[in-house]
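We name chains A, B, ... by the order of the sequence lines, and we start the count at 1 in each one.
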There are 2 protein chains.
Amino acid sequence: MPSSTRSSGAPRTSAAPRASAAPRTRRTDPDRRDRIIDACLDVVAEHGVAGTTHRKVAVAADVPLGSMTYHFEGMDELLRLAFERFSQAMSQRFEDRMAAVTTREEALDAVTAIISDDVFTDDRELVLTHELYTFAARRPEYRTLTRNWMAASRRALERHFDPATARLIDAAIEGLTIHQAFDPAPRTQLDVPAVVRQIAAIHASDAP
Amino acid sequence: MPSSTRSSGAPRTSAAPRASAAPRTRRTDPDRRDRIIDACLDVVAEHGVAGTTHRKVAVAADVPLGSMTYHFEGMDELLRLAFERFSQAMSQRFEDRMAAVTTREEALDAVTAIISDDVFTDDRELVLTHELYTFAARRPEYRTLTRNWMAASRRALERHFDPATARLIDAAIEGLTIHQAFDPAPRTQLDVPAVVRQIAAIHASDAP
DNA sequence: GGGGGTAGCGTACATTCGTACACACAAGGT
DNA sequence: ACCTTGTGTGTACGAATGTACGCTACCCCC
């Protein structure tokens, strides 16, 4: 089909199904770029980085295929931006939780809650987290993302614990969370609150 | 090029460069299947699950493309087998290390060594581990692999520690290892040997 | 209010993918 | 020695992908 066909009176043959009937002319959608990044995360969560293509993201974001190469250098840049957004959202949430408690006791409870409940609730975040880790594992230049995330967690924990303890608790959250997700029913149940308290007691140090 | 060309006297037009000059006729390569699985791990390590294709694996294993679909149902089966092999090799190595030490003191040293040195040495294993985690995160039916791996680690640790401590040490190895790999130079250096010893002291219990 | 400039899009194309299938060749019974 | 059998392979094909590129329609300045 030569391009002259469209220059005639054909109203608009859109490939993507338009959800609303609004005509939505051009240049009136300034957060298109943002929507694409969000849609990219959805696609990654569903199909994995392996199955993430320009076309799938375009459909998910309800934008034309051409927007993909227009707004982004390529899949790599898009993935980097998407993971950047994801990791920032995750560490923001963690910081908020830690900022919401005041006493050390409450902080310990919060850590316990994170370990016990966090991963069970949301499979999407489990998947995205590991997609991000894998992405960073393969390309050292993107480890800034994971480094920032981990640094932010430690910083948040340091509001309540000394640096060494914060580092240890952070690692414990990581390890216990992963093992809980991938091996939900180990033979030996762990008394998470007690463990967290005892880890925090290893470095018998004061905290703000 | 019609197929009749090969039926004439052409010696063998192989697409992949044959390393040795041995003619290697058919039916004389019984570990072809194994080699393909190993090659699949190499390809995954280099290009990620995302970039792993029948063709790349075939080239890496130096087998014809047709062998891929002949020996395996599809990429999924191949990946499953490859990750199965990888996870078994990893947990075997862990078990061996733990079986090699006799006293609890030596066990603590071994754990310390694993946390401190393991990940730095080999980037390939870091990548493959996380590719496996991601694979398992997306498809719960393949979490058997991770479950078995983690169960094996715990079992190995239980040769020297009580179950609760084993579980905790296992999680600590996971968390510290990951954070060390993704954030190699945190502000606060951790005294790994001391930490390991203190974690092991949390459950003041006896062990064989 | 109208014309130029450019942001944004639709589409075609070369490439690469998984898979199907006809066919060649080694092995073993006779 | 031959024929039969079924394992293993080369190749062709449809589907799907990333990217280039020309054209449309909005915005801004005069």
Side-chain angles (χ1 to χ4, degrees), chain A residues 1-18 22-36 40 43-44 47-80, chain B residues 1-18 22-36 40 43-44 47-80:
Chain A
M1 187 201 277
S3 62
S4 61
T5 308
R6 263 215 75 258
S7 67
S8 72
R12 179 170 287 249
T13 42
S14 171
R18 195 56 46 84
R24 193 184 337 131
T25 58
R26 281 201 246 178
R27 195 74 51 93
T28 62
D29 193 7
D31 47 54
R32 219 185 226 336
R33 208 183 120 96
D34 272 353
R35 265 217 331 285
I36 294 176
C40 180
V43 173
V44 169
H47 303 279
V49 168
T52 300
T53 68
H54 280 166
R55 282 173 166 82
K56 284 207 193 95
V57 176
V59 169
D62 187 23
V63 300
L65 175 61
S67 290
M68 293 294 120
T69 50
Y70 178 75
H71 286 290
F72 307 95
E73 200 88 4
M75 275 302 313
D76 257 42
E77 185 190 0
L78 180 52
L79 284 174
R80 188 174 51 79
Chain B
M1 187 202 277
S3 63
S4 60
T5 308
R6 262 214 74 259
S7 66
S8 72
R12 179 168 288 248
T13 42
S14 170
R18 192 59 44 84
R24 183 158 18 107
T25 58
R26 281 201 248 178
R27 196 75 50 93
T28 62
D29 193 7
D31 46 54
R32 217 183 232 325
R33 208 181 121 96
D34 272 352
R35 266 217 330 284
I36 294 176
C40 179
V43 174
V44 169
H47 303 279
V49 168
T52 300
T53 68
H54 280 167
R55 283 173 166 82
K56 284 206 192 97
V57 176
V59 169
D62 187 23
V63 299
L65 175 61
S67 289
M68 291 295 121
T69 49
Y70 179 75
H71 286 290
F72 306 96
E73 200 88 4
M75 274 303 312
D76 258 42
E77 185 190 0
L78 180 53
L79 284 174
R80 188 174 50 79

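Between the NE2 atom in A/H47 and the OG1 atom in A/T53 there is a gap of 8.0 Å [rounded to 0.5 Å]. Going from atom CG of A/D62 over to atom CD1 of A/I36 covers 10.5 Å, rounded to the nearest 0.5 Å. Note that OG1 of A/T52 is 5.5 Å distant from CE of A/M75, once rounded to the nearest 0.5 Å. The CZ atom of B/R35 sits 9.5 Å away from the OG atom of B/S67 when rounded to the nearest 0.5 Å.
Between the CG atom of A/D62 and the C1' atom of C/dG8 there is a distance of 15 Å, given to the nearest Å. Look at CE on B/M68: it is 17 Å from P on D/dT11, rounded to the nearest Å. Spacing between atom NE2 of A/H47 and atom C1' of D/dT17 amounts to 15 Å, rounded to whole angstrom units. When rounded to the nearest whole Å, the span between NE2 of A/H71 and C1' of C/dC9 equals 10 Å. Between A/I36 atom CD1 and C/dA7 atom C1' the separation is 14 Å, expressed in whole Å. Put simply, CZ on A/R33 is 14 Å from P on C/dA7, counting in whole angstrom units. For A/L65 and C/dG8, the CG to P distance is 16 Å, given to the nearest whole Å.
Here the nucleotide nearest the side chain of A/M75, chosen from D/dG18, C/dG10, D/dA12, is D/dG18. Checking D/dT17, C/dT19, C/dG18 against the side-chain heavy atoms of A/K56 singles out D/dT17 as nearest. Taking every side-chain heavy atom of B/H54 into account, C/dG18 is the closest of C/dG18, C/dC9, D/dT19. Nearest to the side-chain atoms of A/T69 among the listed nucleotides D/dT19, D/dT11, C/dC9 stands D/dT19.
Between B/S67 and the phosphate of D/dG8, there is no side-chain N or O to OP1/OP2 separation shorter than 4.0 Å. Look at B/R55 and you won't find any side-chain N or O under 4.0 angstrom from OP1 or OP2 of C/dT19. OP1 or OP2 of C/dG8 sits under 4.0 Å from a side-chain N or O of A/Y70. Taking 4.0 angstrom as the limit, A/R32 places a side-chain polar atom (N or O) nearer than this to OP1 or OP2 of C/dC9.
Annotation: side chain of B/R33 is in contact with side chain of B/F72 (closest heavy-atom distance under 4.5 Å).
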